[in-house]
Amino acid sequence: MSTNERQSTKEAERKVNRTTNDKNPCPKYDRKSSVAAEFINHDEILQTLEFGKDKSKDKKFLNEILEKAREGKGLDHREAYTLLASDDEDINKEIFKLANELKLKNYGNRIVLFAPLYLSNYCINGCVYCPYHGQNKTITRKKLTQEEIKEEVIALQDMGHKRLALETGEDPVNNPIEYVLESIKTIYSIHHKNGDIRRVNVNIAATTVENYKKLKDAGIGTYILFQETYHKDNYEMLHPTGPKHDWAYHTEAMDRAMEAGIDDVGCGVLFGLNNYEYDFIGLLMHAEHLEARFGVGPHTISVPRIRPADDIDPDDFDNSIDDEIFSKIIALIRISAPYTGMIMSTREGQSMREKALKIGISQISGGSRTSVGGYVEEETEDENSAQFETEDKRTLDEVVNWLLENKYIPSFCTACYREGRTGDRFMTLVKAGQISNVCHPNALMTLQEYLNDYASEDTVKKGMALIEQEVENIKSEKVTELTKKYLEEIRNGNRDFRF
Ligand code: SF4
Ligand code: SF4
């Protein structure tokens, strides 16, 4: 039996299991199972809600959880939810303090930058919260040609970006997998002046093992897919039509991606769609499942909140969360999954981002355009191909400048993926506390590239001062010397050094 045939059989078996579970109203919780209703088990979430609420007044228990979190090995979903349910001020203060400590310990003051690239907004799904939904007749539909992608990528390279997240709607006719693969090839092939895109992360609809293999072979970085909500019934209501309606198929997508050999996957829910407590627990259970089944949890967790867009009013969804709860969720994800990168997009404004960087976020987008073709040409008032309105409208240079002002090192590093440090190879390095020895110098070197090629005068001034200071904070003497040598080479016009 060929590998493909074996995979098809496996998928067919799972489908039967899924159907069986759909008929079975009480699937059992099993974090190692490959069946969505078992690893994201509704009853387990309900019991966790009950358990957490009950224990949330027990200060001794809460302190014990915090003590465990202090060891930096994470928390399980029950422990994390109990902290979320607590309204004790001392406990809350301690959660934020600990999140800040763990963030600094594991990520230092480096912030990785990226930009989304929208390829096409054709979509056959009916997601009620997204303006790309197939029934929306007012949105301007666009799909980039390879020539247009080239122009967008040149515009992104001219801003200074090295890392992209590809976005496209689900439409087998307009955006088949071949289109995505060809686009990735185009993106990697463009080297404008000193620019290049060194890591393409991909956010496309749940697909088959076979297609995930194709994405892996095309050299993608992380495969990103937001669950939107883990609550099956609400998920089905929010996705009334199209292939995305199938909750189990969507929820098992990361398993198929990992079976296909994609080591790095990125999870997330869209906060505001459903009860945040339910989705917070589901998100952690998903991470625990991937760790239990594949030995490695998600590479990243994103925390998007619903935003206004064409045909979409966030007030139509009554589960919105305020900044306070949102911050607590971010802090708790940080202490529950201390080694998982956390991403915040330009959906959030400067002040929320500033707060989030302190308590967990390690990657942010900058200078983003959420419309199709938006980097080459901003949309006119008559056009509206954007997926959501951005709150942070600053240019990449303004974001870099702001990070420097706040003593963060803006990083354009993509080294791990290019050195084959993915999945468990990456996690082993992180868990051994060794990653900072490579992240730190790589951040400084990629910042130097940015300063030489793209930065404004003021950003150069601030950046050079920070590099001079931070190069002395590299732990190994040998790496410090090499970094100084490479920084000099970059200033002399050479590029792409990495550890
Ligand atoms: Fe399509 Fe994704 Fe928007 Fe749903 S969320 S309508 S699948 S683009
Ligand atoms: Fe990320 Fe690896 Fe670069 Fe560190 S060295 S910033 S983990 S790509």
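These values consider heavy atoms only, across backbone and side chains, with no hydrogens, waters or symmetry-generated copies. Here, residue 1 is the first one in the sequence, and each next residue gets the next number. Both ligands and their constituent atoms are indexed starting at 1 by order of listing.
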S.K.: Out of Y230, W247, Y235, Y278, which one pairs with H42 under the ring-ring contact (aromatic ring centres under 6.0 Å, His included) rule?
M.R.: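 Of the listed options, the one satisfying the test is Y278.
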S.K.: Report the protein N/O/S neighbours of atom 4 (Fe) of ligand 2 that fall below 2.8 Å; do not count waters.
M.R.: C439 SG
S.K.: Examine the proximity of ligand 2 to F426 and report which part, side chain or backbone, both or neither, has a heavy atom under 4.0 Å away.
M.R.: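 For F426, the contact with ligand 2 is made by the side chain alone.
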S.K.: Tell me, yes or no, whether the heavy-atom count around K393 atom NZ, taken from other residues, nucleotides or ligands under 6.0 Å, exceeds 12.
M.R.: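 For K393, atom NZ is crowded (more than 12 foreign heavy atoms under 6.0 Å).
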S.K.: Inside 2.8 Å of atom 3 (Fe) of ligand 1 but strictly below it, how many protein N/O/S atoms are present?
M.R.: 1
S.K.: Using atom types as modelled and distance alone, determine if a side-chain donor or acceptor of R491 lies under 3.5 Å from a backbone N or O of Y486.
M.R.: no
S.K.: Could you tell me if R199 sits above the aromatic ring of F114, with its cationic atom closer than 6.0 Å to the ring centre and no more than 45 degrees from the axis?
M.R.: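 Geometry flag: not set, cation outside 6.0 Å or 45°.
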S.K.: Can you tell me the protein heavy atom closest to atom 2 (Fe) of ligand 1 and the distance?
M.R.: K244 NZ, 4.0 Å
S.K.: Quick one: nearest non-hydrogen protein atom to atom 1 (Fe) of ligand 2, plus distance?
M.R.: R163 NH2, 4.3 Å
S.K.: If you define the side chain from C-beta out and look only at heavy atoms, does anything of I197 sit under 4.5 Å from Q157?
M.R.: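 Yes, at least one pair of side-chain atoms sits under 4.5 Å.
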S.K.: Check E391 with R347, please: is the shortest side-chain N to carboxylate O separation under 4.0 Å?
M.R.: no
S.K.: Should we say atom CD of E354 is surrounded by more than 12 heavy atoms from elsewhere, each under 6.0 Å from it?
M.R.: yes
S.K.: Does E419 have more than 12 heavy atoms from other residues, nucleotides or ligands lying within 6.0 Å of its CD?
M.R.: yes
S.K.: Testing N384, D310, N121 for side chain to side chain donor-acceptor pair (under 3.5 Å) with T140, which one passes?
M.R.: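 Looking at N384, D310, N121, the match for T140 under the side chain to side chain donor-acceptor pair (under 3.5 Å) is N384.
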S.K.: May I ask you to establish whether K143 and Y179 are in a cation-pi arrangement, using a distance under 6.0 Å from NZ or CZ to the six-membered ring centre and at most 45° from the ring axis?
M.R.: yes
S.K.: Here's one to test your reading of the geometry: is the NZ or CZ of R305 within 45 degrees of the ring axis of F326 and under 6.0 Å from its centre?
M.R.: yes
